[in-house]
Chemist: 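Sharing a structure below in structure tokens format, with a few things to ask.
The figures that follow rest on heavy atoms only: side chains count, while hydrogens, waters and symmetry mates do not. Please read these numbers as outputs of a predicted model, since none were measured by experiment.
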Amino acid sequence: MTWKVEVDAHQCMASGACAGIAPDLFTLDGPHSRPLHPEIAEDDRALDAADVCPAMAITVREGDAIIGPRP
């Protein structure tokens, strides 16, 4: 199954934590980060990036369920 990765540009503070954890999944793009691909194969690094985002700007979905950030 594929996961959908989103970064809320209004919440993102461009800390770079996501790109540091998964540079092949996220990039810094001006004042915020963005996923390199909106849909990815299952990859725990996407969940790790969502977990460590200081602005809680990253959401990872599997179908309709939000799986990241983890509680």
Side-chain angles (χ1 to χ4, degrees):
M1 177 163 275
T2 60
W3 290 353
K4 185 173 181 181
V5 180
E6 303 168 335
V7 175
D8 184 331
H10 293 99
Q11 284 184 253
C12 179
M13 55 191 267
S15 74
C18 56
I21 287 174
D24 56 324
L25 300 179
F26 298 92
T27 187
L28 291 176
D29 189 16
H32 61 278
S33 72
R34 65 176 175 81
L36 290 172
H37 307 283
E39 291 189 5
I40 62 169
E42 294 180 21
D43 189 328
D44 284 342
R45 292 174 307 138
L47 296 175
D48 294 341
D51 292 345
V52 302
C53 177
M56 301 296 288
I58 300 171
T59 303
V60 182
R61 299 177 190 274
E62 183 175 57
D64 291 333
I66 295 174
I67 59 171
R70 296 171 279 202

Chemist: Looking at every heavy atom in both Val60 and Ala46, which two are closest together, and how far apart are they?
Modeler: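 Answer, listing the atom of Val60 first, then Ala46: CG2-O, 3.8 Å.
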Chemist: Given Thr27 and Arg34, is the side-chain contact (heavy atoms from CB on, under 4.5 Å) satisfied, shown in steps?
Modeler: CA-CA 6 Å; Thr27 187; Arg34 65 176 175 81; 3.8 Å; yes
Chemist: In Å, rounded to the nearest 0.5 Å, how long is the span from CG of Asp48 to CG of Asp43?
Modeler: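 Here the interatomic distance stands at 8.5 Å.
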Chemist: Salt bridge check: are Lys4 and Asp64 linked by an N-O gap of less than 4.0 Å?
Modeler: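 So Lys4 does not pair with Asp64 through a salt bridge.
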Chemist: Identify the heavy atoms of Ala50 and Pro69 that sit nearest to each other, and give their distance.
Modeler: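 Closest approach of Ala50 to Pro69, heavy atoms only: O-CB, 3.5 Å.
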Chemist: Step by step, would you call Val5 with Phe26 a side-chain contact (heavy atoms from CB on, under 4.5 Å)?
Modeler: CA-CA 9 Å; Val5 180; Phe26 298 92; 3.6 Å; yes
Chemist: Under the side chain to side chain donor-acceptor pair (under 3.5 Å) definition, can you give me all pairs with a residue in residues 8-20, not counting sequence neighbours?
Modeler: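 Qualifying pairs, neighbours excluded: none.
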Chemist: Return the CG to CG distance between Leu36 and Leu25, rounded to the nearest 0.5 Å.
Modeler: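 These two atoms lie 7.0 Å from each other.
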Chemist: As an exercise, state the distance from CE of Met1 to CD of Glu39, rounded to the nearest 0.5 Å.
Modeler: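 One finds 10.5 Å between CE of Met1 and CD of Glu39.
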Chemist: Can you name the closest pair of heavy atoms from Ser33 and Leu28 and give their distance?
Modeler: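 So the minimum-distance heavy-atom pair works out to CB-CD2, 3.8 Å.
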Chemist: How many angstroms lie between CZ in Arg45 and CD1 in Ile40, if you round to the nearest 0.5 Å?
Modeler: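 Nearest 0.5 Å value for the CZ-CD1 distance: 8.0 Å.
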Chemist: Of the non-hydrogen atoms in Gly68 and Leu47, which two are nearest, and what is the gap between them?
Modeler: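 Closest heavy-atom pair between Gly68 and Leu47: CA-CD2, 3.9 Å.
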Chemist: Answer yes if Ile21 and Ile58 sit in the same cluster of Ile, Leu, Val, Met, Phe, Trp and Tyr residues linked by side chain heavy atoms under 4.5 Å apart, and no otherwise.
Modeler: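 No; tracing contacts between hydrophobic side chains, which count when under 4.5 Å, never links both residues.
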Chemist: List the atom of Glu6, the atom of Arg61, and the distance in Å for their closest heavy-atom pair.
Modeler: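 In this case the closest contact between Glu6 and Arg61 is OE1-NE, 3.4 Å.
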